[in-house]
Undergrad: 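Structure incoming, see below.
Please read all numbers here as calculations on a predicted model, not as lab measurements. We use all heavy atoms of the structure for the numbers below, so side chains are in, but hydrogens, waters and symmetry mates are not.
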Amino acid sequence: MLTKLKSLFGKQDLTSGNPTKGILVFLIPILLSTIFQQLYTLTDAAIVGQSLAGESVAAINASASVHYLVLNFGMGATSGFSVILSKYVGAKNLNEAKRSFLTQCILCVFVSIFLTIAGIALIPAFLQLLHIYNGSGDPSMQMEFDEAVIYMTYLFSGSLLVVFYNMSMANLRAKGDSFMPFVFLAFGVLLNIGLDVLFIRAFHWGVAGSALATVLSEGVACVLSLIYGARKYEEFRFDFKNAKPTLRSIGDHLKNGIPLGFQYSVLGFGIIAMTSGVIRFDINPDQSAVPGLPAQLGYGTACKLINLLLAPFGALGTAMISYVSQNYGAGRFDRIKIGIKSAIIIGLVLTLLMNAIGLPLLINGFYQYLFLSSEKVTEQSIYYGNVYLFLSVPTLLFLMFLFIFRGVLQGLEKPLFPFIGGVSELFARILACSLLPYWIFGSFNSASPQAAYFIVASGDWFAWLVGALSMMVPTIYYLKKYLKTNHSQK
């Protein structure tokens, strides 16, 4: 079965053949990977939500935004690095592709060290941004703080494994192989679920067990993928004699990877801004915590569902990076234009499908019972979760365009514009989740009018719209420029 699937979805030459078919065949394993990853996240959330105290669940939900901010710098950087390799794959330049891989390995070591040190050192500051304070005097908030520190310390300690895992997955896709990354991810997900049950249910290690399961499973998948890549593809074998890194090679990778790393981190700051805004509704005017933390639990479970629904759009954007970068290396700008049109059509179909799947799950807060034990689900938690989802699910259309435009610009080695788009998203979220509620209602908290939460809950869709618009113009400009240059050369 695995052999048959590999023959169908194996290595793709994205510079030839029907563009729509090529994108779809390349997209499907990436889509399965992202869905599988999100299903794991949902399973992990269910295990945690059914096994641990509400404060522990809230700590993990809050930590997710900080985790996104720090470790996604590595994900963004490796994504940018892989574009260089993909370009040389499209240009059929084996020696430079080898040089790219070796350069990435060296850079990823330094990125990992930086993320480990910076991440652990800044944990208290990040939690303060989220209005989770140490020594607040409130037992519930103190427990949430302590659990979040433990959880994030374990995650950041495993940065090396996570960064190299992302690098390996990105490079395999850059080579045109989107199937084996799915296989390694699926194996890692199943291992993660097993370790979750072992560490949380059997060993009772709590949030530390959840974080440790994540790091170990990604580490095993990382090692297996690196071994596979070295045995299968010559580009992923060290060749210090003929393809050692040069200052130019290092500069090219840093120029493309670091802006994307910061872009991913900037998006993390936006998520922190939104999470911080939501947490305010779990704080009473006297600064005590609302019993049961309904805003955090409701919004947190809603985020689990929305992350599942947006997974196909993230996969589409990832597919476009490899498709565009290979054709960019081959000088096939006509195929890039056709590919963008195909991606938009695919995205529109996915938007309708995700709405059809997601909206019915809001009835009576059904999705919350999947992730929380019944005593944690309340009328308030359902309210907070449903308001966010009613605003976000129909507007996934904006997110679809954002991912496509971002993938195209990354593939064209224009990392500045995705970074600018990320900054635009950050300011949009800060405006919706902090400034507007403050200007209109003053200091907002659990006693604020419902309209205050509606504004905060609009942070995501507003950021998606602003980000998509900010990247649409440069996408159109560069596509027209390259097509004109290509035609004049002919």
Undergrad: Looking at every heavy atom in both Ser100 and His253, which two are closest together, and how far apart are they?
TA: OG-NE2, 2.8 Å
Undergrad: Under a 4.5 Å cut-off applied to non-hydrogen side-chain atoms, are Asn256 and Glu413 in contact?
TA: yes
Undergrad: Measuring from atom CG of Leu350 to atom CD1 of Ile357, what distance do you get when rounded to the nearest 0.5 angstrom?
TA: 9.5 Å
Undergrad: Could you check if a side-chain atom of Ile30 sits within less than 4.5 angstrom of a side-chain atom of Pro181, using non-hydrogen atoms only?
TA: no
Undergrad: Taking the side chain as C-beta and beyond, is there a heavy-atom pair between Tyr228 and Val183 under 4.5 Å?
TA: no
Undergrad: Between Arg201 and Asp196, does at least one N-O distance fall below 4.0 Å, as a salt bridge requires?
TA: no
Undergrad: Write down the atom of Leu212, the atom of Trp205, and the distance for their closest heavy-atom approach.
TA: CD2-CZ3, 3.8 Å
Undergrad: Quick one: does Arg335's side chain get under 4.5 Å of Ile338's, heavy atoms only?
TA: no
Undergrad: Please lay out, stage by stage, how Arg332 and Ile336 fare under the test side-chain contact (heavy atoms from CB on, under 4.5 Å).
TA: CA-CA 7 Å; Arg332 296 299 307 276; Ile336 294 176; 5.9 Å; no
Undergrad: Nearest 0.5 Å please: distance from the CE atom of Met354 over to the CG atom of Leu308.
TA: 7.5 Å
Undergrad: Within the side chain of Tyr367, is there an N or O that forms a donor-acceptor pair under 3.5 Å with the backbone of Asn386?
TA: yes
Undergrad: Using the side chain to side chain donor-acceptor pair (under 3.5 Å) criterion, which residues pair with Tyr328? Sequence neighbours excluded.
TA: none
Undergrad: If we ignore hydrogens and angles and just use 3.5 Å, is the side chain of Ser79 paired with the main-chain N or O of Met75 as donor and acceptor?
TA: no
Undergrad: Please check if the distance between the ring centroids of Phe236 and Phe101 is under 6.0 Å.
TA: yes
Undergrad: Would you check if the side chain of Ser381 reaches a backbone N or O of Val377 as a donor-acceptor pair within less than 3.5 Å?
TA: no
Undergrad: Working to the nearest 0.5 Å, report the span between CG of Leu85 and CG of Asn93.
TA: 10.5 Å
Undergrad: Donor-acceptor pair, distance only, cut-off 3.5 Å: does the side chain of Asn307 make one with the backbone of Cys303?
TA: yes
Undergrad: Ignoring hydrogens, what is the shortest heavy-atom contact between Phe462 and Ala432? Give both atom names and the distance.
TA: CD2-CB, 4.5 Å
Undergrad: Which donor-acceptor pairs under 3.5 Å do the side chains of residues 163-172 make with protein atoms, sequence neighbours left out?
TA:
| residue | atom | partner | partner atom | Å |
| --- | --- | --- | --- | --- |
| Asn166 | ND2 | Val162 | O | 3.3 |
| Ser168 | OG | Ser225 | OG | 2.8 |
| Asn171 | OD1 | Gln104 | NE2 | 3.1 |
| Asn171 | ND2 | Gln104 | OE1 | 3.1 |
| Asn171 | ND2 | Met167 | O | 3.4 |

Undergrad: Trp464 versus Leu397: any side-chain heavy-atom pair under 4.5 Å?
TA: no
Undergrad: Measure up the Phe262 and Phe73 rings against each other and bin them: parallel (under 30°), tilted (30 to 60°), perpendicular (over 60°).
TA: perpendicular
Undergrad: Between Arg406 and Glu425, what is the shortest heavy-atom contact and its length?
TA: NH2-OE2, 2.8 Å
Undergrad: Quick check for you: to the nearest 0.5 Å, what is the distance between Leu198 atom CG and Ile193 atom CD1?
TA: 13.5 Å
Undergrad: Drop me the distance from Thr301's OG1 to Lys376's NZ, to the nearest 0.5 angstrom.
TA: 11.5 Å
Undergrad: Donor-acceptor pair, distance only, cut-off 3.5 Å: does the side chain of Thr116 make one with the backbone of Phe156?
TA: yes
Undergrad: Do Tyr388 and Asp460 get their side chains close enough for a donor-acceptor pair, meaning under 3.5 Å?
TA: yes
Undergrad: Within a strict 4.5 Å, meaning less than it, do heavy atoms of the Leu409 and Thr475 side chains meet?
TA: yes
Undergrad: Return the CD1 to CG distance between Ile84 and Asp252, rounded to the nearest 0.5 Å.
TA: 5.5 Å
Undergrad: Answer yes or no: is there a side-chain heavy-atom contact under 4.5 Å between Leu94 and Glu235?
TA: yes
Undergrad: Show the nearest heavy-atom pair for residues Ser322 and Arg173, with the distance to one decimal.
TA: OG-O, 3.2 Å
Undergrad: How far apart are the closest heavy atoms of Ser86 and Ala174, and which atoms are they?
TA: OG-O, 3.5 Å
Undergrad: Report yes if some heavy atom in the side chain of Leu260 is under 4.5 Å from a heavy atom in the side chain of Phe81; otherwise report no.
TA: no
